[in-house]
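Encoded as structure tokens, the structure appears first; notes follow it.
For reference, positions follow the sequence shown, starting with 1.
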Amino acid sequence: MAMADDASTSKLSMGQDNADRWTPLGIDTTKPHSARMYDWWLGGKDNFAPDRAMGEAFMQVIPNIRTMARENRRFLGRAVRYLAGEAGIDQFLDIGTGIPTEGNVHEIAHKAKPEAHVLYVDNDPIVLAHARALLVSHGPGQTAYVHADLRDPRAILADPALSATLDLKRPVALMMVAILMLLDDDEDPWGKARVLMDAMPSGSYLTITHPGMDFDPEAMAATAAAAKQGNLTLVPRVREQVERFFAGWELIEPGVVPVMDWRPDDENPRGDVGAYYWGGIARKP
């Protein structure tokens, strides 16, 4: 579920009133969806009334939810720049893409590695509609999209678009930014992630952000409860649980830290400052 710094720049956006009247095929606009909620928090137009209502409910218990979204997206930008630059990675598998907006993974990666290949994965029909129109490769690079669900990681690996876009004999950057929180513990998010991680070759990287229960337990618990009332799953986890996703891989300094402290552009650590996300990157030995 990707998040953005700025309002969505989608060419399919038509203004809020028109967006409510426009119902793309296959989309249930009567229920909130996490990707469209983030779009609304960030000023985008690709959302519907139930998304805004649930987004407002979240803001009632965590007033700084917009800050969380912005800082999560900024972490993504720094992570991709590190991976495509210092780490030399030119293949990206982005799980939980979200609605395309300015600063997508392929746009950032192509600045450092014009030849980079990026495969996006999401299960929201509205993301699919935007992806087909917007995630177009330019230059020597390649960008593709798979409509699939993290709950079935083997289906992602078996999709023909993956083998056509990525070479799993070479290192890949596996991106799971703000997505693992959408799986309950009984769905075994660690096991789902591990299926994808095990398919990556040595030298690959794993990038994760995850809302942290330990930043503000009361507020995070209230947010999870609000999500449940709206038939959404949101599972904040403590730092140790997030670190467990990286087990067996080598964490890149500074490890699993508040997203604002992961190699900030100004090099002045700021702690969580209301951005209740853990973030980290690790390399497969």
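One finds the CG atom of D214 at 9.5 Å from the CE atom of M220 (value rounded to the nearest 0.5 Å). Put simply, CG on L119 and CG on D159 are 7.5 Å apart, with the number rounded to the nearest 0.5 Å. Between atom CG of residue L76 and atom OG1 of residue T207 there is a gap of 8.0 Å, rounded to the nearest 0.5 Å. Taking CG of D198 as the start and OG of S204 as the end, the distance is 11.5 Å to the nearest 0.5 Å. Atom CD of residue E253 and atom CD1 of residue I281 lie 12.0 Å apart, to the nearest 0.5 angstrom. Interatomic distance, N72 CG to Y277 OH, rounded to the nearest 0.5 Å: 5.0 Å.
Counting heavy atoms from C-beta on, the side chains of P211 and L234 come closer than 4.5 Å. Between L93 and V121 the shortest side-chain heavy-atom distance falls below 4.5 Å. Side chains of W249 and R283 form no contact here, defined as non-hydrogen atoms less than 4.5 Å apart. At a threshold of 4.5 Å between non-hydrogen side-chain atoms, the residues P189 and F245 count as touching. Taking the side chain as every heavy atom from C-beta outward, M200 and L168 approach each other to under 4.5 Å. With contacts defined as side-chain heavy-atom distances shorter than 4.5 Å, the pair T29/P50 does not qualify. Under the 4.5 Å side-chain criterion, counting only non-hydrogen atoms from C-beta, L157 is in contact with L162.
Electrostatic pairing of R239 and E243 counts as a salt bridge here, judged by a charged N lying under 4.0 Å from a carboxylate O. Under a 4.0 Å N-O distance rule, the pair R81/D265 qualifies as a salt bridge.
For E71 (side chain) and M68 (main-chain N/O), no donor-acceptor pair under 3.5 Å exists by modelled atom type. Counting only distance, with no hydrogens or angles, the side chain of R78 and the backbone of R263 share a donor-acceptor pair below 3.5 Å. A donor-acceptor pair is defined here as one N or O able to donate and one able to accept, closer than 3.5 Å; no such pair exists between the side chain of Y145 and the backbone of V127. Judged by distance alone, with hydrogens and angles left aside, the side-chain atoms of K113 form a donor-acceptor pair with the main-chain N or O of A84 at under 3.5 Å. At least one donor-acceptor pair under 3.5 Å links the side chain of T165 to the backbone N or O of A161. Panel note: side chain D51, backbone R36; no donor-acceptor pair is recorded below 3.5 Å. Between the side chain of N104 and the backbone N or O of E107, no donor-acceptor pair lies under 3.5 Å. Side chain of K228 to main chain of T233: no donor-acceptor pair is present (N/O by atom type, distance under 3.5 Å, no hydrogens or angles). One N or O on the side chain of Q91 and one on the backbone of D167 form a donor-acceptor pair closer than 3.5 Å. Put simply, the side chain of H106 never gets that close to the backbone of Q142: no donor and acceptor are under 3.5 Å apart.
The only option from L128, N123, D122 that meets the side chain to side chain contact (heavy atoms under 4.5 Å, CB included) definition with T97 turns out to be D122.
Taking the ring axis of W190 as reference, the NZ or CZ atom of R237 stays within 45° of it and closer than 6.0 Å to the ring centre.
In terms of heavy-atom proximity, K284 sits nearest to P201 at CD-O, 3.7 Å. Looking at every heavy atom in both residues, P171 comes nearest to S202 through CG-O, 3.8 Å. Scanning all heavy atoms of the two residues, the minimum distance from P236 to A224 falls at CD-CB, 4.1 Å. Here the closest heavy-atom approach between residue P125 and residue H147 is recorded as N-CE1, 3.7 Å. Nearest heavy atom pair, residue A109 against residue A116, reads CB-CB, 4.2 Å. Closest non-hydrogen pair, R52 versus N47, comes out as NH1-OD1, 2.9 Å.
In summary, the aromatic rings of W278 and F215 are positioned with their centroids under 6.0 Å apart.
For the salt bridge (Lys or Arg N to Asp or Glu O under 4.0 Å) condition, no pair includes a residue of residues 53-65, sequence neighbours left out. Sorted by first and then second residue, the pairs that involve residues 59-98 and meet ring pair (Phe, Tyr, Trp, His ring centres under 6.0 Å), not counting sequence neighbours, are F75-W262, Y82-W262.
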Report the C-alpha separation of D188 and R194 in whole Å, then their side-chain angles, then the decisive distance to 0.1 Å, and conclude whether the salt bridge (Lys or Arg N to Asp or Glu O under 4.0 Å) test is met. CA-CA 10 Å; D188 190 15; R194 187 60 54 173; over 6 Å; no
What do the steps show when you test K192 against E187 for salt bridge (Lys or Arg N to Asp or Glu O under 4.0 Å), and what is the final call? CA-CA 8 Å; K192 300 293 192 299; E187 294 180 284; over 6 Å; no
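Hydrophobic cluster membership differs between V235 and F246, with clusters built from Ile, Leu, Val, Met, Phe, Trp and Tyr side chains linked at under 4.5 angstrom.
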Side-chain donor-acceptor contacts of residues 172-183 below 3.5 Å, not counting sequence neighbours, with atom names and distances?
none

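The 12-atom threshold is not exceeded at CZ of R154, counting heavy atoms of other residues, nucleotides or ligands nearer than 6.0 Å.
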